[in-house]
Participant: 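Before we start, here is the structure in question, set down as structure tokens.
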Number of protein chains: 2
Amino acid sequence: MMRREIAEQGEAVAATLEEVRRRAERVREAMSGRRRILFVARGSSDNAAIYGRYLVETQLGVPASLAAPSIATHYRARLDLSDTLVVSVSQSGRTEEIVEVQRWAASLGAATVAVSNDAESPLAIESDVALTTQAGTERSVPATKSYTSQLAALAGLAASLDGGESLWPLLDGVPAEVARLEAAEDGVAGAVDLLAGSDEMLVTGRGLVFGTALEVALKLEETCLRPVRGLSYADLRHGPIAVVGPGLTAVVVAAPDGPMLAPIVELAGDLSARGAQVMAIGGDSALAAASAYRVAGPDLPELVAPIALIVPAQLVVEALARRLGLDPDAPRGLSKITATDPA
Amino acid sequence: MMRREIAEQGEAVAATLEEVRRRAERVREAMSGRRRILFVARGSSDNAAIYGRYLVETQLGVPASLAAPSIATHYRARLDLSDTLVVSVSQSGRTEEIVEVQRWAASLGAATVAVSNDAESPLAIESDVALTTQAGTERSVPATKSYTSQLAALAGLAASLDGGESLWPLLDGVPAEVARLEAAEDGVAGAVDLLAGSDEMLVTGRGLVFGTALEVALKLEETCLRPVRGLSYADLRHGPIAVVGPGLTAVVVAAPDGPMLAPIVELAGDLSARGAQVMAIGGDSALAAASAYRVAGPDLPELVAPIALIVPAQLVVEALARRLGLDPDAPRGLSKITATDPA
């Protein structure tokens, strides 16, 4: 199932972008008079929201951040959110914690946009503007097409708010590139060989693709039942790099351009010099040269690359799970509707 | 050195609180007319800032978040920060990235407060209000007294902005509790026994003590040169808990009261049931009962507990490093002034 759902992403992303574009005016109205954006999410949706945060700050110049849900659910803080657009992201639209935070935000004056895969979910129904991802029913537990559709919806949201209109033309090229990568099996087997022999893994990335790094780590961990850390470039440089050495496989994700590429290539070189085995996903030929192995990524500018960059990683994770004799569709101990606190 | 610096924290925290209290009026002036607080930090200072974020949101009702420094340093985004108080946190006050972000924020209209341990540092000199932690010279590379002094400074900042004045009385009790815990060697040897035999460790906490969990993980990793993950309660529940099993030691940190205690006790029980060895730091007798081992923490309310809760963990980390034949004062591969990008 996971394999099939990976292959449905080009279509899901295209339909989601179209859907969001139809609601661009509603999004602009919700933002009208507001000065900041607050994302509310958990798990894979949280990784999507991190992309949303970087995109909104870099492209729109609007301060953005991620909510700490317990501020609402446990501390019941009374923040003034009258200048805030809250964007809640949940595949099911039924994660109770996220619904509760959206309700809390609305009661404190926020306008709300819900990104969910179900127009009839409580999150969608209670929001001011519901952006419904067009992923269709996702049966495998690890999120694939729902995640890329969330990325597309968040990019569409930013494009809707972008006075310069410079994002829509970039987004036009994304569905075809997602579809191309779905079928790009070339580098997958080699990556699986490399990861199947790894005892310890970490994943790193920076800036607009930082959320991608966290999503790759989460997918590897959930699907292959191995502990995998996702670390920002900076957090890795600031300490944990001291424990990097032989025996570690470092997965480095990067867009093919942008201000992060040069520092990431340098990091890959440093990690290799410390004896780690570096596997690159995306980037360019310089990153390939600094790495032991590279799976090619999208040929898209950094601003929109994350929507397609996860696709080769999904193919690798799915194949790795099968190689390890695990079920990629329904990993042990996980269920489809997430709950932060046990019911 | 690290051992001696741990023992200097009661005094450093008391002096820092006094120093910040003297500047309370300046802090209020800087915040005047502003609606949100943005923290800028890396490494241990970032862990301190997470405490600041929760404290500001829960206690003051002011929206707060942590900056993504690359938004400034690499993407050069032009955010409107005219409604924002930026609080930069750096022990040395010389971490170039942090100085650059503070400069960027000021150019975009933010008022700036610098929390550093050096009144003559660029970060302090260029800020609108310099809050100088009174830790004195810190010689060992792992931050101890500079970190707890940062926590004290951030709590003092929140107290200065708290119209209800309810934080200062709570803070009055902190230095004595820090000093008491510095000398509380009771549970340390048992904790070291347990951790020295652990192949794999993670650390978790939630809400106001989440930053403490990340700091414990960072200290264990830096000082003992082992990979250690710090995870929020929610991130752990949302996926990685599926890979928890025998062979893992889970360190769970908690305040002795507050809305997070009950869910954390339940989590400790779940982790134990999955076969992990749970070591608690802080919490109450119920947390002790749900854990294989507990090191007692401060007898302070949750709002200010983090300032003292790290102290028993520091004692454990320092003793563990020595037990493992490592140098706790100058771990391999780390230097005192941090740099995110190589010069």
Side-chain angles (χ1 to χ4, degrees), chain A residues 35-36 38 42-43 46 53-54 57-59 61-63 65-66 68-71 74-81 83-84 97 200 202 206-208 210 218 221-222 225-227 229 233-235 237-243 248 258-260 263 266 270 331-334 338-342, chain B residues 35-36 38 42-43 46 53-54 57-59 61-63 65-66 68-71 74-81 83-84 97 200 202 206-208 210 218 221-222 225-227 229 233-235 237-243 248 258-260 263 266 270 331-334 338-342:
Chain A
R35 304 181 55 162
R36 53 189 291 264
L38 182 66
R42 287 290 194 198
D46 204 35
R53 184 250 172 112
Y54 277 90
E57 293 203 319
T58 58
Q59 193 65 8
V62 171
S65 60
L66 274 69
S70 66
I71 293 289
H74 288 71
Y75 293 113
R76 308 192 184 285
R78 307 291 303 167
L79 306 186
D80 177 2
L81 298 177
D83 65 350
T84 302
E97 180 186 41
E200 206 195 323
L202 66 77
R206 192 179 196 186
L208 281 154
F210 173 46
L218 185 63
E221 179 156 278
E222 289 182 344
L225 298 173
R226 299 173 164 207
R229 311 171 74 187
Y233 170 99
D235 287 338
R237 279 256 184 242
H238 256 246
I241 200 166
V243 305
L248 178 84
M260 298 315 183
E266 191 167 346
D270 288 359
R332 189 184 73 197
L334 294 173
T338 46
T340 296
D341 288 286
Chain B
R35 305 180 55 162
R36 52 188 294 262
L38 182 66
R42 286 291 194 198
D46 204 34
R53 185 252 171 112
Y54 276 91
E57 292 204 318
T58 58
Q59 192 65 9
V62 172
S65 60
L66 274 68
S70 66
I71 294 288
H74 287 69
Y75 294 112
R76 308 193 184 284
R78 307 292 303 167
L79 305 186
D80 176 2
L81 298 178
D83 65 349
T84 302
E97 179 186 41
E200 205 195 321
L202 67 77
R206 192 179 195 186
L208 282 153
F210 173 45
L218 185 63
E221 180 156 276
E222 288 182 344
L225 298 175
R226 299 173 164 208
R229 311 170 74 187
Y233 170 99
D235 288 337
R237 279 255 184 243
H238 256 247
I241 198 166
V243 304
L248 178 83
M260 297 315 184
E266 192 168 345
D270 288 358
R332 187 184 75 196
L334 294 173
T338 45
T340 295
D341 287 285

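Here is how names work: the chains are called A, B, and so on, in the same order as the sequence lines, proteins then strands, and each is numbered from 1. Excluded from the calculations below are hydrogen atoms, water molecules and symmetry mates; all remaining heavy atoms, backbone and side chain alike, are included. Keep in mind that what you see is a predicted model, and the values were worked out from it rather than measured.
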Participant: What part of A:Leu66 gets within 4.5 angstrom of chain B, counting heavy atoms only: side chain, backbone, both, or neither?
Facilitator: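 Just its backbone gets close to chain B.
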Participant: I need the residue from B:Arg35, B:Glu200, B:Arg78, B:Arg36 with the largest number of non-hydrogen atom pairs under 4.5 Å to chain A.
Facilitator: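 Greatest number of close heavy-atom pairs with chain A: B:Arg35.
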Participant: Given side chains that start at C-beta, do those of A:Glu57 and B:Leu79 come closer than 4.5 Å, heavy atoms only?
Facilitator: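 The answer is yes, as the side chains (C-beta and beyond) meet within the 4.5 Å cut-off.
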Participant: For chain A, which candidate among B:Asp83, B:Leu38, B:Leu248 shows the most heavy-atom pairs at distances under 4.5 Å?
Facilitator: B:Asp83
Participant: Can you sort out the partners of B:Arg76 under salt bridge (Lys or Arg N to Asp or Glu O under 4.0 Å), two or more places apart, ordered by chain and number?
Facilitator: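 For B:Arg76, the residues satisfying salt bridge (Lys or Arg N to Asp or Glu O under 4.0 Å) (neighbours in sequence not counted) are B:Glu100.
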Participant: Against chain B, label A:Gln59 side chain, backbone, both or neither, depending on which of its atoms sit under 4.5 Å from a heavy atom there.
Facilitator: neither
Participant: Is there a side-chain contact between B:Leu208 and B:Met260 in this structure, where contact means two heavy atoms from C-beta onward sitting under 4.5 Å apart?
Facilitator: no
Participant: Under 4.0 Å between a side-chain nitrogen and a carboxylate oxygen: does that hold for B:Arg229 and A:Glu221?
Facilitator: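 Salt bridge: yes.
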